[in-house]
Engineer: 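Handing you this structure, nothing more for now.
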2 protein chains.
Amino acid sequence: MNIYDISKQSGVSIATVSRVINNSGYVAEKTRKKVMEVIEKNSYSPNAFARGMSTSSMKTVGILTTNIRDLYQAQCVYYLEQDLKKHGYTAMLCCTGDEQAAKKEHVELLASRSVDALIFIGSHFVEKSEKDNGYIYAASNHIPVFLLNGCLSHSNIYSILCDDEKGCYELTKCALDHGAKSPYFLATRDTFSVQRKWKGFKKSCKEHDIEIDDSRFRLLEDGFEQLGSQVFSILQDTDIDAAICVDDEIASIVEKVADYCKRKVPRDLQITGYNDSIFAKLAHPAISSFDNRTAYMCSQAIYGLVQVLEGKEFPEETMYTGKVVLRHSTND
Amino acid sequence: MNIYDISKQSGVSIATVSRVINNSGYVAEKTRKKVMEVIEKNSYSPNAFARGMSTSSMKTVGILTTNIRDLYQAQCVYYLEQDLKKHGYTAMLCCTGDEQAAKKEHVELLASRSVDALIFIGSHFVEKSEKDNGYIYAASNHIPVFLLNGCLSHSNIYSILCDDEKGCYELTKCALDHGAKSPYFLATRDTFSVQRKWKGFKKSCKEHDIEIDDSRFRLLEDGFEQLGSQVFSILQDTDIDAAICVDDEIASIVEKVADYCKRKVPRDLQITGYNDSIFAKLAHPAISSFDNRTAYMCSQAIYGLVQVLEGKEFPEETMYTGKVVLRHSTND
DNA sequence: CTGAAAGCGCTTACAG
DNA sequence: CTGAAAGCGCTTACAG
């Protein structure tokens with residue numbers, strides 16, 4: 001069943017059928033009705049490839065995530081997909097992992113599928129070395145690129161991000177305001193947003209006249225067991241009294257290890273997470289965290305995407321604020 | 001840059017260019033080399049739509065999930081996508097939510113994109129009323145359908161599932177073997193796999209001569225706060241001494257509430273989860289759970305998918321076993 | 001308001 | 001081993 005069949009059965013040309021399908025151009029109400037009837041009777045739906053070939057678009061956008069099993073990234077995918085389909089777009093998902101080569105390959109894979117736009121989730125894609133971002137720049141020459149929680153200055157790249165520097169500054173301030181003297185900063189990766197959080201951490205320490213150096217930045221190996229043993233070492237070997245973690249999952253593990261080491265949270269050790277996820281709520285005591293408004297970020301991205309694809313203006317960079325959510329892992 | 005440009009630059013016909021691109025038919029080594037050079041020089045890549053139009057496939061498969069924010073479902077998506085891309089397929093993701101109409105709409109959306117196959121994640125799609133599964137049957141008339149953790153008998157539908165009846169039977173047995181007399185079964189949804197788990201629960205109770213009726217099946221409203229208060233009621237109003245939960249997230253919340261109510265786990269209350277996720281590991285005490293081998297299930301699904309799309313045979317139903325992972329939320 | 005016709009960029013029998 | 005040609009199913013100026 002194709003447009004010719006519909007055309008025959010309804011006694012009009014395929015051009016007219018096309019017009020009623022796409023709601024474009026003029027077509028007499030009577031004609032439209034007749035054609036619609038035939039279409040519905042046959043439950044005809046136009047061939048996506050042919051359509052794509054004519055219009056060079058299948059209303060598809062590529063979403064890139066390094067790891068969909070990460071709750072935060074899954075959250076983003078969820079909101080993005082919600083908004084995307086509201087606008088008739090469909091999402092192609094790629095989970096790239098952390099290796100540079102794989103990331104590049106996936107971008108090419110999506111490009112070969114002629115997606116209308118590319119959305120990169122998380123700061124995991126923005127590398128310190130400009131050369132390593134080359135494949136993102138290259139992609140942006142053909143299709144609009146949206147960066148969540150990251151920032152790259154280039155035409156046709158649009159960055160939307162929460163002010164994580166401020167976020168981490170405020171969380172650190174909570175701990176320091178309530179007596180912490182020896183805070184540590186814990187991360188499992190050194191990404192763009194981690195760097196911004198680290199900056200906020202340092203700023204807050206400075207304001208509290210706490211001398212710190214780079215040894216306060218603990219880059220830990222990922223994985224449940226590995227994290228546990230590394231955190232254990234830190235608890236043994238340092239005078240840590242506040243763990244400022246870049247996400248709630250790490251914070252949960254710190255709390256679990258603290259419990260194991262008989263350190264009372266928050267009395268002996270204050271802990272903060274990030275993202276305000278279920279991990280922060282489930283932990284015992286519940287963990288103070290930062291709500292970085294994922295839903296808002298995603299809806300902004302899709303709004304921008306639609307604007308750009310319609311040829312309208314959209315700012316290259318959008319930075320917005322989140323909010324601290326106090327719980328019982330910091331002193332009150 | 002299209003196939004004609006390549007054809008001109010390399011001095012051969014487009015048919016030949018097509019052959020070298022697709023590695024099909026005979027083409028002289030010398031010709032192939034020349035054409036490849038031109039292709040690479042121009043970094044040409046064939047237009048996916050045109051290709052799709054000729055072959056009626058864009059090597060794309062649709063993945064349907066009710067909620068990607070659910071750790072288990074995210075896990076599935078992760079493994080599926082991994083395997084899919086190994087075979088040159090790309091994943092289109094749809095998060096449908098729980099409403100029937102939306103599920104149906106999404107299937108149609110994917111069908112209109114001419115995906116090569118459909119994969120439904122989780123038992124959330126298999127309804128008790130056969131009528132409500134109509135849209136799945138309908139889809140299977142055009143494209144192969146793969147069902148993870150669910151089972152539907154119909155041609156062109158392939159079901160791959162873990163033996164959850166056995167899984168839940170074994171978990172319940174752990175609790176009962178270690179003294180529980182009044183177990184309850186907790187779920188947030190009444191799906192196909194929940195029914196199977198319930199069956200295993202009942203079987204184990206029967207073997208232990210524990211009289212139970214349907215009031216042991218507690219269907220709870222989802223959501224962090226809601227769950228907390230409902231579990232609280234159960235702890236207050238019943239003589240529960242074992243909570244057999246259909247997933248680790250529920251189990252974590254039960255444990256949190258138990259702690260709040262000063263019930264010692266596992267002494268006063270044994271708890272079991274399901275899926276063997278990070279929630280089970282993070283909880284304190286860590287929660288006994290069931291490893292249903294998600295990675296295996298997904299790889300089986302993609303293996304089957306490739307077989308079917310190549311016109312080969314694959315069994316309509318595959319059921320495999322998982323394994324209990326004992327931790328400290330049950331007595332040892 | 002409607003239709004004939006060109007064009008989108010491939011693949012694949014078929015003939016040589 | 002290679003090429004000419006048909007076909008895939010749409011959209012969209014253009015003419016009327």
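Chain letters run A, B, ... following the sequence lines, proteins first, then strands; residues in each count from 1. The analysis underlying the following values was restricted to heavy atoms, covering all of them including side chains, and did not include hydrogens, waters or symmetry mates. Treat the numbers as computed from the prediction; the structure is a model and nothing was measured.
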Engineer: Starting at the 5' end of DNA chain D and moving along, which residue's nearest nucleotide shows up first, Ser54(B) or Ala28(B)?
Structural biologist: Ala28(B)

Engineer: Please report, rounded to the nearest Å, how far the C1' atom of dT12(D) is from the CG atom of Asn23(A).
Structural biologist: 16 Å

Engineer: Looking at Asn22(A), does any N or O in its side chain come under 4.0 Å of the phosphate oxygens OP1/OP2 on dT11(D)?
Structural biologist: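 Yes, Asn22(A) has a side-chain N/O under 4.0 Å of OP1/OP2 on dT11(D).
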
Engineer: In whole Å, I'd like the distance from the CD1 atom of Ile21(A) to the P atom of dG9(D).
Structural biologist: 13 Å

Engineer: For DNA chain D, just give me the dot-bracket, please: Watson-Crick or G-U, both distances below 3.5 Å, ( ) intra-strand, [ ] crossing earlier pairs, | paired with another strand, . unpaired.
Structural biologist: |||.||||||||.|||

Engineer: If only atom types and distance count, is the side chain of Thr55(B) paired as donor or acceptor with the main-chain N or O of Arg51(B) below 3.5 Å?
Structural biologist: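 Such a contact is found between Thr55(B) side chain and Arg51(B) backbone.
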
Engineer: Pick out which of Val61(A), Thr60(A), Leu118(A) makes a side-chain contact (heavy atoms from CB on, under 4.5 Å) with Met92(A).
Structural biologist: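 Looking at Val61(A), Thr60(A), Leu118(A), the match for Met92(A) under the side-chain contact (heavy atoms from CB on, under 4.5 Å) is Thr60(A).
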
Engineer: Please state whether the phosphate of dT11(C), meaning OP1 or OP2, lies under 4.0 angstrom from any side-chain nitrogen or oxygen of Thr55(B).
Structural biologist: no

Engineer: Tell me: NZ of Lys33(A) to P of dC1(C), nearest whole Å?
Structural biologist: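 In whole Å, dC1(C) P and Lys33(A) NZ are 16 Å from each other.
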
Engineer: Looking at Lys34(B) and Glu29(B), does any basic side-chain N land under 4.0 Å from a carboxylate oxygen?
Structural biologist: no

Engineer: Return the value, rounded to whole Å, for the distance between atom CD1 of Ile3(A) and atom P of dG9(D).
Structural biologist: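 My rounded result for the distance is 11 Å.
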
Engineer: Please tell me if Thr31(B) has a side-chain N or O lying less than 4.0 Å from either OP1 or OP2 of dT2(D).
Structural biologist: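 Answer yes for this pair, as a side-chain N or O of Thr31(B) is under 4.0 Å from OP1 or OP2.
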
Engineer: Rounded to whole angstroms, how far apart are CD1 on Ile14(B) and P on dA4(D)?
Structural biologist: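 The answer, rounded to whole Å, is 9 Å.
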
Engineer: If you find the nucleotide of DNA chain C closest to Val17(B) and the one closest to Tyr26(A), which residue's nucleotide is nearer the 5' end?
Structural biologist: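 Nearest nucleotide further toward 5': that of Tyr26(A).
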
Engineer: If you assign Ala50(B) and Ala15(B) each to the DNA chain D nucleotide with the nearest heavy atom, which residue ends up on the more 5' nucleotide?
Structural biologist: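 Result of the comparison: Ala15(B).
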
Engineer: Please check this pair: side chain of Glu316(A) against backbone of Tyr158(A), looking for a donor-acceptor N/O pair closer than 3.5 Å.
Structural biologist: no

Engineer: Is the distance from OP1 or OP2 of dG9(D) to the nearest side-chain N or O of Asn47(A) less than 4.0 Å?
Structural biologist: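 False: Asn47(A) side-chain N/O out of range (4.0 Å or more) of dG9(D) OP1/OP2.
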
Engineer: Looking at Arg19(B), I'd like to know whether one of its side-chain N or O atoms comes within less than 4.0 Å of OP1 or OP2 on dT2(D).
Structural biologist: no

Engineer: Would one find a side-chain N or O of Thr16(B) under 4.0 angstrom from OP1 or OP2 of dT2(D)?
Structural biologist: no

Engineer: With no hydrogens and no angle check, is any side-chain donor or acceptor of Tyr78(A) less than 3.5 Å from a backbone partner on Asp70(B)?
Structural biologist: no

Engineer: If you measure from the Lys or Arg side-chain nitrogens to the Asp or Glu carboxylate oxygens, is any gap between Lys59(A) and Asp116(A) under 4.0 Å?
Structural biologist: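 Salt bridge: no.
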
Engineer: For Phe49(B) and dC10(C), give me the distance from atom CZ to atom P, rounded to whole Å.
Structural biologist: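 Distance, rounded to whole Å: 12 Å.
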
Engineer: In whole angstrom, what separates Met53(B)'s CE from dG9(C)'s P?
Structural biologist: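 After rounding, the reported distance stands at 11 Å.
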
Engineer: Within the distance-only criterion (no hydrogens, no angle test), does the side chain of Glu317(B) pair as donor or acceptor with the backbone N or O of Ser159(B) below 3.5 angstrom?
Structural biologist: no

Engineer: Can the ring centres of Phe146(B) and Phe120(B) be said to be less than 6.0 Å apart?
Structural biologist: no

Engineer: Does this structure show an ion pair linking Lys103(A) with Glu99(A), if we count only N-O contacts that are shorter than 4.0 Å?
Structural biologist: no

Engineer: Rounding to an integer number of Å, can you tell me how far Met58(B) CE sits from dC10(C) C1'?
Structural biologist: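 Computing the Met58(B):CE to dC10(C):C1' distance gives 13 Å.
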
Engineer: What are the residues of residues 4-13 of chain A, sorted by number, that bring a heavy atom to within less than 4.0 Å of DNA chain C?
Structural biologist: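 Here the set is Val12(A), Ser13(A).
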
Engineer: Using only heavy-atom distances, determine whether the side chains of Asn149(B) and Tyr72(B) contain a donor-acceptor pair under 3.5 Å.
Structural biologist: yes

